[in-house]
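To keep things clear, I will list the structure first and then write my remarks on it.
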Amino acid sequence: MLKHAGPGTRVRVTVTPAEEGLDVEIRNGRPPTAIERLPSSGRGLAGMRERVRTLGGTLSAGPDGEGGWLLAAHLPTHTRVSPGSAA
């Protein structure tokens with residue numbers, strides 16, 4: 001989160017047992033100051049979505065409507081690895 005939210009930004013991580021899986025939510029508030037954007041490979045969210053999908057889960061990410069950011073994932077307890085995928 002430091003890369004995208006900057007120093008001093010509040011972050012809340014919630015991990016909750018869910019029916020047949022686990023829900024993970026990472027939410028950061030509005031950065032307290034302007035932040036310097038760091039270089040990126042451009043595969044961060046796409047890579048996370050790919051890994052979660054390989055496990056049979058879902059991932060969403062985007063602005064939270066209050067100036068911060070929300071990333072939410074559902075990971076199933078019974079992993080279904082797709083053929084040809086690296087888990």
Side-chain angles (χ1 to χ4, degrees):
M1 294 306 253
L2 181 60
K3 179 177 178 178
H4 298 288
T9 303
R10 291 184 173 262
V11 176
R12 184 180 65 198
V13 178
T14 308
V15 180
T16 309
E19 188 174 327
E20 298 185 24
L22 191 66
D23 289 333
V24 179
E25 184 178 284
I26 303 170
R27 180 185 299 266
N28 68 268
R30 179 185 305 269
T33 61
I35 60 171
E36 179 182 336
R37 295 288 178 195
L38 299 173
S40 173
S41 67
R43 292 285 301 154
L45 284 175
M48 280 191 273
R49 277 192 186 97
E50 185 177 301
R51 286 175 182 87
V52 169
R53 190 174 26 245
T54 298
L55 297 173
T58 59
L59 183 134
S60 63
D64 70 356
E66 299 175 8
W69 192 261
L70 171 65
L71 183 139
H74 174 78
L75 304 170
T77 52
H78 299 290
T79 304
R80 295 179 304 267
V81 177
S82 303
S85 298

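Note that the coordinates shown come from a computational prediction; the quantities given were computed from them, not determined experimentally. Counting from 1, the numbers follow the sequence of the chain as shown.
Note on V13 and L45: same hydrophobic cluster, where clusters join Ile, Leu, Val, Met, Phe, Trp and Tyr whose side-chain heavy atoms are under 4.5 Å apart, directly or indirectly. A continuous path of ILVMFWY side-chain contacts below 4.5 Å connects L71 to V11, so both sit in one hydrophobic cluster. In terms of hydrophobic clustering, with Ile, Leu, Val, Met, Phe, Trp and Tyr side chains grouped at heavy-atom distances under 4.5 Å, I26 and L59 are assigned to a common cluster.
For the side-chain contact (heavy atoms from CB on, under 4.5 Å) test, residues two or more places apart in sequence or in another chain that qualify with A18 are D23, H74. Residues satisfying the salt bridge (charged side-chain N to carboxylate O under 4.0 Å, His left out) test with E25, not counting sequence neighbours, are R12, R27.
With contacts defined as side-chain heavy-atom distances shorter than 4.5 Å, the pair R49/V52 does not qualify.
Here the closest heavy-atom approach between residue N28 and residue D64 is recorded as O-OD2, 3.9 Å.
Going from atom CG of L75 over to atom OG1 of T58 covers 8.0 Å, rounded to the nearest 0.5 Å. Rounding to the nearest 0.5 Å gives a distance of 9.0 Å between CZ of R51 and CE of M48.
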